K.L.:
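Structure below; questions to follow.
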Protein chains: 4
Amino acid sequence: MTSTTTETNERSAARRRVPRQARSRARVEAVLDAAAALVVEHGVEALTTRAIADAAGVPVASLYQYFADKEDVLLALADRDMAEMDEQVLSDLATLPVLTVASVVETTMRAFVTVYHRRPAFVEIWLRGRTNTALHDYGREHNRRIAATLRALALETGLADEGLAEHVALLAVEVGDRCFQLAFEHDAQGDPALVEEGIALVTAYLERHATPAGRTGVPQPGSGEGRP
Amino acid sequence: MTSTTTETNERSAARRRVPRQARSRARVEAVLDAAAALVVEHGVEALTTRAIADAAGVPVASLYQYFADKEDVLLALADRDMAEMDEQVLSDLATLPVLTVASVVETTMRAFVTVYHRRPAFVEIWLRGRTNTALHDYGREHNRRIAATLRALALETGLADEGLAEHVALLAVEVGDRCFQLAFEHDAQGDPALVEEGIALVTAYLERHATPAGRTGVPQPGSGEGRP
Amino acid sequence: MTSTTTETNERSAARRRVPRQARSRARVEAVLDAAAALVVEHGVEALTTRAIADAAGVPVASLYQYFADKEDVLLALADRDMAEMDEQVLSDLATLPVLTVASVVETTMRAFVTVYHRRPAFVEIWLRGRTNTALHDYGREHNRRIAATLRALALETGLADEGLAEHVALLAVEVGDRCFQLAFEHDAQGDPALVEEGIALVTAYLERHATPAGRTGVPQPGSGEGRP
Amino acid sequence: MTSTTTETNERSAARRRVPRQARSRARVEAVLDAAAALVVEHGVEALTTRAIADAAGVPVASLYQYFADKEDVLLALADRDMAEMDEQVLSDLATLPVLTVASVVETTMRAFVTVYHRRPAFVEIWLRGRTNTALHDYGREHNRRIAATLRALALETGLADEGLAEHVALLAVEVGDRCFQLAFEHDAQGDPALVEEGIALVTAYLERHATPAGRTGVPQPGSGEGRP
DNA sequence: AATGAATGAGGATTCATTCAT
DNA sequence: TATGAATGAATCCTCATTCAT
């Protein structure tokens, strides 16, 4: 299995006019942290460049040294947590001795919940901030990437065969995503009942597209010599 | 069975400060038509009071005679089409001689598609306009109402029993909604494959919560003395 | 002879999005007066919307009620004085018992000087403010109009015949304009010697394109029953 | 006759804080070439330090190593072409066997046209870029210098006598300049008719200030032992 | 009921220029 | 000499909404 998303999920190239490498690490992080705090407190819609700059203790103009524009800050924020999300999913899946559609779905979705719990800002940005167009698009795009990765995993391991269309995988991810949005809408911890139902829902759907082995289980591939 | 939503779907009471009766019918319709056209052409985000007023040929200030605020226009627009949606769903369901979870889900979802095809503005507002906070909330609320109605129908007809939790019904509706969002994202007619998958997905999920009769079928209740 | 410019010189229609009639006279004048004062004091380049608004005692937003944008204010300012300029030219020309190229040129150019003396802001805007693109364009356009009007006069009265090309008239006006720019560059009253030279220059040039009568003189047409 | 302008036309001393010698020739030229290209493509107003730096492939900060500030780049650009202009005028004038006011004016003005044709960037900067304050001032200043030089030539050769005031010479140059601005406003090649008229105009004016010999002709001074 | 007029309240960006290294 | 990084300082403009009439 490979990374959930290719590299740390690079945002649309066109957008990133600012050389990421060049960013002064510490200050950039300060800006992101400040933005995250503001988002948790007031929501994505209320975020303004001045608020971020003030909270981070940098001039507004410096924001534009590190980020292409305001939305780029938001996307960087999403990127940061999403990278962690990807890692969590990967490492959790790696612990499974036996893979089934059900166990993969459950493990993946619980990994999401784990990160949501750890990152309140991510809940605000990723689950509740979708009214922001940039985040909306980012969400679609990332879901597409996740779907592709998980589909690849399923094909590699034999949980599914080529008959598993890409749009089916995407639908599963999108739908799981919506379950989380619902579960975390008013509840910072996520309504457990809704999370359970979400897992059941996605599982039920994907089992329809699974191979017999996908339902009964296949051993974790390369158990022992997994790739870095 | 009763109306899919109670009355013509009253938007949050607090919002509607303007007496509906008082509205000068013709002008209100002109405003809504103008807004609908603008939304179809430029999307929900680009809608401004002045644009609406200009397009409708009324002074901006008059908008506030008919609507509480800008978002109220949007909601009225949604209401208008949503009422039609509810009717379509009801009448289509009424034609079913035998109800099953599968047939109810399919009929309902196809009724949605029918209206989406008929109302391009509705696609723009309801499926693509969710970046607007008011519409986002309206969507959640309406989905909740649809879920309640359909759940009531399922309980009445025996497709499901009391064990069918409200949040399960809501999840099904929300998830179906997401399928439509995906299907209509770039395609004004809706990607047929995604629609099919959506139907399959919701059906698979709800059959898990159905009674045996829900899977085999129950006769259309009161077949012969249909509702008004 | 007709008006120097058709109507009060309407600025490019495209620009004027704001209905002039609707403007609350007094406030608009206040804005223009404030802007004029600022221009005289700090020059055209230094003019900002906030400075204008503050000086006029109106909110910045109100500026946009009366004017399409910042440049529109400048153009309105130019319009105001230019209308006066046109009138001065017309009435001064009307007093000439006999018209010659020389007398028309001299009278016209002295009328300009008269208005420049009366309107310091006009000197700043019209003669020194040409670094502003909008004013630059306005200048070209107005010069074109003046040239057309004066050429028409020359043809009507026989000072010149059809051989007087439009671009010749324009060149004469543009060149006279440059003389004024030079004369008033550092001198609020205009360097008299340069003004004289300017008159001589334009006269010498246009006499090359004049009819014999244009050099010897023709009676003021309609002397006695002039047009309204 | 001496150089049209003293040395390579030194821009206002105060401005040039950067030692010319110190400039890394190649990079300086790269910057100027890049700036010239940008000016031709987007006009003077659109020029920014970053655009120049990017196009030239040097860091923005390095610009300040070679030039005092942004406008200094523009002025250096103007200088470069203006030096060529001066040379063209001088060499063209040197070919005249007989000097008259008319031939000097015509030769000079045609030399300008020659260079305008050769240097599109110069047209953009010198003729169309006058909305830039620095260039506006540079223009005035250079015209003054040209006027002084040509007046000196006229006095030396006897085309005019001491009665030819400096401001007369300046007016002639300024007015010729305006003719070019008009001729090249929309036409990269310059409207020939306007150029002709301009020559006629300036000639007609200066002949009023010429000596009889200025009208009939004087031999090219030192024909045979030209200047270095 | 209708509306012309007014405005409060921001908000995102751009850019030339300067230093510390 | 070269330059990556930082930033001070403004600026224009939009828009929803409210009154007085």
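Worth saying up front: this structure is predicted, and the values here are computed from it rather than measured. Throughout, a chain's letter reflects where its sequence line sits, starting with A, and its residues are numbered from 1. Computed over heavy atoms, backbone and side chain alike; hydrogens, waters and symmetry mates excluded.
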K.L.:
Would you kindly check if the NZ (Lys) or CZ (Arg) of D:Arg128 is within the cone defined by 45 degrees around the ring axis of D:Trp126 and under 6.0 Å from the six-membered ring centre?
P.N.:
no
K.L.:
Does E:dA2 have its OP1 or OP2 closer than 4.0 Å to a side-chain nitrogen or oxygen of B:Tyr66?
P.N.:
yes
K.L.:
What is the distance, rounded to the nearest whole Å, between atom CD of C:Glu71 and atom C1' of F:dT11?
P.N.:
13 Å
K.L.:
Hey, which of these two, C:Ala46 or B:Thr48, hits DNA chain F nearer its 5' end, going by closest nucleotide?
P.N.:
C:Ala46
K.L.:
Can you confirm whether more than 12 heavy atoms, excluding those of D:Glu41, are under 6.0 Å from its CD atom?
P.N.:
no
K.L.:
Expressed in angstrom and rounded to an integer, what is the separation of C:Phe67 atom CZ from F:dC13 atom P?
P.N.:
14 Å
K.L.:
Of the nucleotides F:dA16, E:dT13, E:dT17, which one has an atom closest to the side chain of A:Lys70?
P.N.:
E:dT13
K.L.:
Using the closest heavy atom to pick a nucleotide of DNA chain E for each, name whichever of A:Leu47 or B:Val60 lands nearer the 5' end.
P.N.:
B:Val60
K.L.:
Among F:dG8, F:dA2, E:dA12, which is the nearest nucleotide to the side chain of D:Arg27?
P.N.:
F:dA2
K.L.:
Can you measure D:Arg50 atom CZ to F:dA6 atom P for me and round it to whole angstrom units?
P.N.:
15 Å
K.L.:
Could you measure the distance from the CG atom of D:Leu47 to the NZ atom of D:Lys70? Nearest 0.5 Å is fine.
P.N.:
6.0 Å
K.L.:
Could you grab the distance from atom CG of D:Leu38 to atom OG1 of D:Thr48, nearest 0.5 Å is fine?
P.N.:
8.0 Å
K.L.:
Taking any strand in view, what nucleotide pairs with E:dG10 in a Watson-Crick or G-U wobble way, both distances under 3.5 Å?
P.N.:
F:dC13
K.L.:
To the nearest Å, give me how far apart CD1 (C:Ile52) and P (F:dC13) are.
P.N.:
11 Å
K.L.:
What is the distance, to the nearest angstrom, from the NE2 atom on C:His42 to the P atom on F:dA10?
P.N.:
13 Å
K.L.:
Return the value, rounded to whole Å, for the distance between atom CG of C:Leu63 and atom C1' of E:dA5.
P.N.:
14 Å
K.L.:
Go through F:dA6, F:dG8, E:dT3 for me and flag the one nearest to the A:Ala61 side chain.
P.N.:
F:dG8
K.L.:
On the nucleotide E:dT3, are OP1 or OP2 found under 4.0 Å from the side-chain N or O atoms that B:Tyr64 carries?
P.N.:
no
K.L.:
Watson-Crick or G-U wobble partner for E:dT3, using a 3.5 Å limit on both distances?
P.N.:
F:dA20
K.L.:
Sub-3.5 Å donor-acceptor pair from the side chain of A:Ser62 to the main-chain atoms of A:Gln65, do we have one?
P.N.:
no
K.L.:
Just N and O in the side chain of A:Thr49: are any of them under 4.0 Å from OP1 or OP2 of E:dA12?
P.N.:
yes
K.L.:
Send over the distance from D:Asp69 CG to E:dT18 P, rounded to a whole Å.
P.N.:
9 Å
K.L.:
Just the rounded figure in Å: distance from P of F:dC12 to CG of C:Asp54.
P.N.:
12 Å
K.L.:
Looking only at side-chain N and O atoms, does C:Ser62 come under 4.0 Å of OP1 or OP2 in E:dA6?
P.N.:
no
